[in-house]
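Input: a single structure, listed below in structure tokens.
Letters A, B, ... are given to chains in the order of the sequence lines, protein chains preceding strands, and every chain is numbered from 1. For clarity, every value in this text was computed on a predicted model and none was experimentally measured.
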Number of protein chains: 2
Amino acid sequence: MHSIDSSSVQDYVKTIYGFTEWQETPITASQLAVRLAVANSSVTGMVAKLVELGLARHEKYGPITLTPAGLALGLAMVRRHRLIETFLVDHLGYSWDEVHDEAELLEHSVSDTFIERLDRKLGHPVRDPHGDPIPTPNGLISRPDAVRLDSLDDGHRARVARISDDNPAVLKFLAGHAVGLDTPLLVSGRGPFGALLTVAVGDGPGSATLQLGGELVAALWVESLGTHEGCTVATV
Amino acid sequence: MHSIDSSSVQDYVKTIYGFTEWQETPITASQLAVRLAVANSSVTGMVAKLVELGLARHEKYGPITLTPAGLALGLAMVRRHRLIETFLVDHLGYSWDEVHDEAELLEHSVSDTFIERLDRKLGHPVRDPHGDPIPTPNGLISRPDAVRLDSLDDGHRARVARISDDNPAVLKFLAGHAVGLDTPLLVSGRGPFGALLTVAVGDGPGSATLQLGGELVAALWVESLGTHEGCTVATV
DNA sequence: GCGTATGTTTAGGTATGCCGAAATACTCCT
DNA sequence: AGGAGTATTTCGGCATACCTAAACATACGC
């Protein structure tokens, strides 16, 4: 019989879970194939296995959803991933853009004991280096009410609450411009079609402005701090 | 084509290397099968693969030896294993008898970058929690001149230099009796046929005596500190 | 409502790494 | 030297997880 310990099974479940963490619609077979970088036909086969294991629901030609057991496994894998990322950054000096791949490798091999001892050593962190919430051992997770940066009007102040980790180049760019978790931002202008966003980075006299568009905007979630009238911002 | 990244290949090479670390005779196919807990026929197949990869030498019905490339891989795996064990004990509060299995899982998945950063964080340790030497990144390893405890005469003082990690029960027993790395011992008597050894554990008035035999003696290597005449030892 | 594009599944095949059973080589003892 | 016993290899098979190509559904535009 198949087993929940297979790292493929874990990857499929984690990816299905991850898809619905920030949006509601369930994932389809081909989207799953893209995210896992496998052929569509491989997805069909593995998803059948997940159904057999009681981890997923799937009707022919329909979307794929997780059962409670699948959700629990997904949350456990996310917990592993995020705790490992936190460790790599806090204790081994990894930078943002490096952690994801290393965590991806490690999350399948460490034991539950390892994870719980790591959690204790890290002081039971509630979010990872990208701002993503870390589920508890029981699978409880808090949904931070972050919004997309481009949903804010000019003059709005905000604090970086989450940075998508699925594009290393974007992470590198942001790190290079001193944009990190909790960095204060001020939306100070909007380019053609509203697609380009000018933001002031940092507080006070040392702040700089940055043009953000496309992937960069999509990667940033912020916690709004309200509008801030009549501000002056130094230019880079 | 096959690859050096396969965790099976790594396990085979590490085991072949490990066999010759403390003795000279090369390993045979069936011994390898026992240590890896696989069937003899599996060994034949995998060893052929190692030969193809240029990692091992093997003539039909003969013993198995490593090529320089195989030796390098073996040392790299041992380095990984021992650095991970050191981390687990020093930073995550693992005990002696727990580390081995966890390290076994981790050593295949972490990257070289991870290992080198871990090494730096640990302060470039030269031996692991069992006293085994940790090879350098270039594959240099120091052979500590430890001797077996039962090669010492009565009245000999010694310091625990290495503890074999292949029997968790033995490790547990020793830890429970306050015998660890660098613990001073005094050989104070010898049982029937010389098979049972009485040793005094620790220095000064707080010392206790312990009867060691069989597996326990085999698991202990010590650095001799010369004879110590006319000592008195408290009994437990 | 029909055909075409897109999405999904089926069918057949590959690579890895393991197994047990049977055949074969080696070794040691007499 | 011959035969018993052990060690090793060969052979056919199994499980996992992937692939490509072809068949099949679904959905959308006209």
With a cut-off of under 6.0 Å to the ring centre and 45° to the axis, is A:R35 in cation-pi contact with A:F19?
no
With heavy atoms under 4.0 Å as the rule, sort B:T44 into base, sugar-phosphate or nothing.
base
Between A:E21 and A:R162, is there a salt bridge with N-O shorter than 4.0 Å?
no
Rounded to the Å, how far apart are A:Q10 CD and D:dA17 C1'?
15 Å
5'-most by nearest nucleotide on DNA chain D - A:Y61 or A:Y12:
A:Y12
Across the strands shown, which category fits B:S30 at heavy-atom distances under 4.0 angstrom: base, sugar-phosphate, nothing?
sugar-phosphate
Would you please indicate if the ring centroids of A:F87 and B:F87 are separated by under 6.0 Å?
yes
Rounded (10°) bend between the five-pair end axes of the helix from C:dG1-D:dC30 to C:dT30-D:dA1
10°
When you look at A:R80 and A:E104, which way does the salt bridge (Lys or Arg N to Asp or Glu O under 4.0 Å) test go after all the steps?
CA-CA 9 Å; A:R80 284 167 167 254; A:E104 201 85 349; over 6 Å; no
With a cut-off of 6.0 Å (strictly less than), are more than 12 heavy atoms of other residues, nucleotides or ligands near CG of B:N138?
yes
Taking only residues at least two apart or on different chains, which pairs with a member in residues 43-56 of chain A satisfy side-chain hydrogen bond (donor to acceptor under 3.5 Å, both in side chains)?
A:H2-A:E52
Of the nucleotides D:dA25, D:dT20, D:dC18, which one has an atom closest to the side chain of A:S41?
D:dT20
Length of the CD1-P vector between B:I27 and D:dA7, whole Å
14 Å
What is the separation between atom CD on A:E59 and atom P on D:dT26, rounded to the nearest whole Å?
11 Å
In this structure, how many angstroms lie between the C1' atom of D:dA7 and the NE2 atom of B:H58, rounded?
11 Å
With a non-hydrogen cut-off below 4.0 angstrom, is B:A39 in contact with a base, only sugar-phosphate, or nothing?
sugar-phosphate
Please report the distance, rounded to the nearest Å, between CG in A:D11 and C1' in D:dC18.
14 Å
Keeping the roles fixed (side chain from B:S224, backbone from B:A158), state whether a donor-acceptor pair exists under 3.5 Å.
no
Check for me whether the distance between the ring centres of B:H100 and B:H130 falls short of 6.0 Å.
no
Would you say a side-chain N or O of A:S8 is under 4.0 Å from OP1 or OP2 of D:dC18?
yes
Does a side-chain N or O from B:K60 land closer than 4.0 Å to OP1 or OP2 of D:dT10, or not?
yes
Residue whose nearest DNA chain D nucleotide is more 5′ - A:H2 or B:T28
B:T28
For A:R79, is there an ion pair with A:E116 - N to carboxylate O distance below 4.0 angstrom?
yes
Span of DNA chain C, from the first to the last nucleotide whose atoms fall under 4.0 Å of chain B heavy atoms
C:dT16 to C:dC26
